[in-house]
Amino acid sequence: MASVLVPVFYVLIVFGGLFLFGRFYRKSTANKRIDPYFPRHHERDTYVTLLQRTDPPASDALLKAALVRRAIADVQRILRLREDKQALQNLLQKGSVGDDLWNSLLAAEKELEAEIVEVHAEANSFVEGWGHVLFQTASEMLANEKTRVIVEQIPLERARNEAKFGKGLPGTTQAPPVAASAPSGPTTPKSSAATKSPSSLAPPAPSAGTDGVSSEGEASPRNRSAKKSKKRK
Amino acid sequence: MASPPQPQQQTMQAQVPQQILPRPDPVMQAVIEADFRPVDLTLDSTNVAALCAVHSREKCDECDVDYTQLNRLSKVLAANPTLLCPPPPNVVNQKLSQIINQTKEEGNALFRTHQWEKAIGRYTQAAGFATQRAPWEAQQFMREELSTVLSNRSAAYFEHGELVSALTDAEAVIQLKKPWSKGHFRKAKALVALGYLPQAREAVQYGLQFDPTNVEMMGVLQDIELVLRSYADQPRPDNALSATGNAA
C-alpha cells in the first residue's frame, strides 16, 4: 500500500526544512549590522590619507606627527572603553539596556585591539622600537594637554568669578548673596570678615594703577604661552 | 599599508601591566581598511603642515577640521632633525626645570619681602615657562610645577588684595591637584576675605574630605563657624536682614 519511501520523504522534508531554515537564519544574523560604538576615527583617516599622498609626498615629520595624534586618539578610546565597559556590564545585569549596545562595545573593543597592533607596527616601521614608547608618549601628551587647558582657562575663569563675586580689590565693598545665608546682611560680613581674616589686606592702593601693572605683567607672558600652548581640540 | 606586525611583549600604556599583544587578526584588519575614508586635505608649501583642502586653513570650522596640534608637533619634529621621534616620557628637559625653579625662587624671595606685584609677575613668568614644556615629557613635572607656582601666586594675589584672582588661581590648583590641601585652603581664605562665608565653609569641608587632619584648614573652619554663629546669635540692629532672613 503505502510505499517505504513515504517515511523517508517525511524525514527528509522535516530535517531538510530545519537545515535550510538554520542556514538562512545564520546568514541573516551574520549580516546584521552592528552599530559602531565610536564616531569616525578622524586621526586614522588623516594618517592614511597622508601616507597615500605621493604628489608631493608628505614629509616624515608630518607622518610621525599624524601617527602620534592617531595614538593619542586610540589611548582616549581605550580609557573611555574601559570605563564604559564596567558601567555597561552593571546596567546590563540590571536589565536597563539591551544587548545591542553590549555587542557594539565588544565589536569596538576588538577593532581597537587590531588598531593598536597596527599603530604599533607602523611606529616600528619609522623608528625601530618606537611602538613600545609611542603609547606611553601618547598618554603623557593627553595628560599634558588637559593640564595646559586648565591653565589657559584661568583668565576666563577670572572674568566669570569677577562677574560673580565682584572685583575683590581692596577698598571696594562686597555684596555677598543675601539668599545664601539668612542672618548675614550685605555690609556686616565684609567688615567683620576683614577684622577676622588672619592676614590683613594690603592698604588700599590706587586700584587702577596696580591693576594695570599686574595685568600688563600677566598679559605678555600669557600671550607668549597662549601662542605656544595647545588649543582645546 | 601595514607591515606584517610582530607579536612581542609590549606595554601599551604606562598604567597597563605587561600584556602580550594578540596576534593580528586579518579579518579585523580588513574591517579597519574597509572603514577608511580619505580626508580632504592639502599640504602647505614646505610639506610640513596639513591644511584643509577647500580653504587652505589649519583650523576650519566649515570643514570641521583642526590641524593646529598636528602641525605644531610636525613643525617641532621638522625643526629638530636629530629627534627621530618623540622621546620616552622620562627624558625631561633639565634646563627648563632649572629655569622654572629659579624663577619660582625669585618670586618667593620677592614674596617674603612683601613686594607683591613683582612676585606675581615672577610667578606668572614661571607658569608661562612651565606651559612651554615639551608635551611628551612626563606629566607630573608640569603638573607639580604649575600647582606650586599657581598656589604661590594665589597667596601673592591674596596679600596684594586681588581676591578674585586669588580665588581663580586657587580653583585652578584644585583642578590640577584635587587631594592637595593647600589649594582648598587658599580658596577658602579668598572666599572668607571676599565675604562669602557659606561658600568658604563648603570649600573647607570639601578640602577636609581629602585631608581630614589638616590643622590650618580646621583653624579656618573654626573661624568661619565662629563668625556665622555670631551672626545667628546677635542680630545687628542697623540691619533689617537679621535672623529673620528676609531677603530684599
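Keep in mind that this is a model prediction, so the values were computed, not measured. The chains referred to below are lettered A, B, ... by the order of the sequence lines, with proteins before strands, and numbering in each begins at 1.
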ring-ring contact (aromatic ring centres under 6.0 Å, His included) partners for A:H42, two or more places apart: none
What part of B:A49 gets closer than 4.5 Å to chain A, counting heavy atoms only: side chain, backbone, both or neither? backbone
Could you have a look at A:V127, A:D74, A:I150 and say which one has the most heavy-atom pairs with chain B under 4.5 angstrom? A:I150
Bottom line for A:R40: the part with an atom under 4.5 Å from chain B's heavy atoms is side chain
Once side-chain contact (heavy atoms from CB on, under 4.5 Å) is applied, do any residues pair with A:R77, and if so which ones, sequence neighbours excluded? A:F38, A:H41, A:L112
I need the minimum non-hydrogen distance between B:V149 and B:A126, along with the two atoms involved. CG2-CB, 3.9 Å
Heavy atoms only, distances under 4.5 angstrom: which of A:R53, A:R160, A:E115 has the most pairs with chain B? Name it, please. A:R53
Under 4.5 Å to a heavy atom of chain A? For B:L146 that would be side chain
Under 4.0 Å between a side-chain nitrogen and a carboxylate oxygen: does that hold for A:K146 and A:E140? no
Examine the side chains of A:E122 and A:Y47 and answer whether a donor and an acceptor come within less than 3.5 Å of each other. yes
Please determine which of B:E145, B:Q139, B:Q140 meets the side chain to side chain donor-acceptor pair (under 3.5 Å) test together with B:R143. B:Q139
The interface call for A:I72 against chain B, heavy-atom contacts under 4.5 Å, is neither
Checking A:R80, A:K85, A:R82 against A:E109 for salt bridge (Lys or Arg N to Asp or Glu O under 4.0 Å), the one that qualifies is A:K85
B:A134 versus chain A, heavy atoms under 4.5 Å apart: side chain, backbone, both or neither? backbone
Let me know if B:L191 has heavy atoms under 4.5 Å from chain A in its side chain, its backbone, both or neither. side chain
At a 4.5 Å cut-off on heavy atoms, which part of A:P36 comes close to chain B: side chain, backbone, both, or neither? neither
